[in-house]
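Position 1 is the first residue of the sequence; numbering continues from there.
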Amino acid sequence: MRKIKLTRANKSILLKALAPYYYREKALGHSTEKPGRLILKINALPADKRASFSVEEIHLMRITINRLRNERLA
């Protein structure tokens, strides 16, 4: 578990990155349990507070943010 400070901007970017990933996985018929739980967890957290995230959650956040960045650069 690692603590990460979620600012208002970080929350917004994470939610924008996780939403397309969630819907893509759902359309492909894959499990959407982990991204769905992470979206709900991030959305429920107040801005500018520290929150604990597991290694798997951090990995999922990094993957989705990198995909969003690559799509925007392309």
Side-chain angles (χ1 to χ4, degrees):
M1 297 293 268
R2 276 183 60 191
K3 288 200 170 210
I4 298 175
K5 184 175 182 181
L6 286 179
T7 62
R8 194 162 286 193
N10 289 346
K11 276 182 66 170
S12 176
I13 291 169
L14 276 172
L15 292 174
K16 284 180 184 177
L18 283 167
Y21 178 80
Y22 174 84
Y23 289 117
R24 187 179 309 125
E25 293 295 307
K26 187 174 183 178
L28 293 173
H30 298 143
S31 174
T32 57
E33 182 181 346
K34 289 182 183 180
R37 283 187 184 182
L38 185 56
I39 289 170
L40 292 174
K41 181 177 180 178
I42 291 170
N43 195 35
L45 293 171
D48 297 327
K49 296 286 182 177
R50 287 188 152 316
S52 296
F53 293 98
S54 69
V55 175
E56 294 169 350
E57 290 172 331
I58 293 170
H59 181 70
L60 183 58
M61 286 189 268
R62 284 184 179 160
I63 287 171
T64 57
I65 289 173
N66 286 336
R67 283 185 184 175
L68 179 66
R69 183 197 67 218
N70 292 337
E71 287 173 3
R72 290 190 177 182
L73 287 175

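K5 contributes atom NZ, which lies 10.0 Å from atom CG of N10 (distance to the nearest 0.5 angstrom). Separating the OH atom in Y21 from the OG1 atom in T32 is a distance of 10.0 Å, to the nearest 0.5 Å. Note that the CG atom of N43 and the CG atom of L45 stand 9.0 Å from one another [nearest 0.5 Å]. Atoms CE and OG, on M1 and S52 in that order, are 5.0 Å from each other to the nearest 0.5 Å. How far CG of L14 is from CG of L38: 7.5 Å, rounded to the nearest 0.5 Å.
Taking the charged nitrogens against the carboxylate oxygens, E33 and R37 do have a contact shorter than 4.0 Å, which makes a salt bridge. In this structure, E71 does not pair ionically with K16, as no charged nitrogen and carboxylate oxygen lie closer than 4.0 Å.
Listed by chain and number, the residues in a salt bridge (charged side-chain N to carboxylate O under 4.0 Å, His left out) with K41 are E57 (sequence neighbours excluded).
Put simply, L18 and Y22 are part of the same group of oily side chains (I, L, V, M, F, W, Y) that touch within less than 4.5 Å, one to the next. Cluster annotation: I39 is connected to F53 through the hydrophobic network of ILVMFWY side chains, with a link wherever side-chain heavy atoms come within less than 4.5 Å. Both L60 and L15 are part of a single hydrophobic cluster, where members link through side-chain heavy atoms under 4.5 Å apart.
In this structure, the side chain of S12 does not engage the main chain of R8 through any donor-acceptor pair within 3.5 Å.
Of all the heavy atoms in M61 and I42, the pair that sits closest is SD-CD1, 4.3 Å. The heavy-atom pair separating D48 from T7 by the smallest distance is OD1-CA, 3.5 Å. E25 and S31 get closest at one heavy-atom pair: CB-O, 4.4 Å.
Side-chain contact check for N66 and R69: at least one donor-acceptor pair (N or O, by modelled atom type) lies under 3.5 Å.
Crowding of R24 atom CZ: a count of heavy atoms from other residues, nucleotides or ligands under 6.0 Å exceeding 12.
The side-chain heavy atoms of R62 and I58, taken from C-beta on, include a pair separated by under 4.5 Å.
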Subject >> Test log, rule salt bridge (charged side-chain N to carboxylate O under 4.0 Å, His left out), inputs R2 and E56 >> reply: CA-CA 11 Å; R2 276 183 60 191; E56 294 169 350; over 6 Å; no

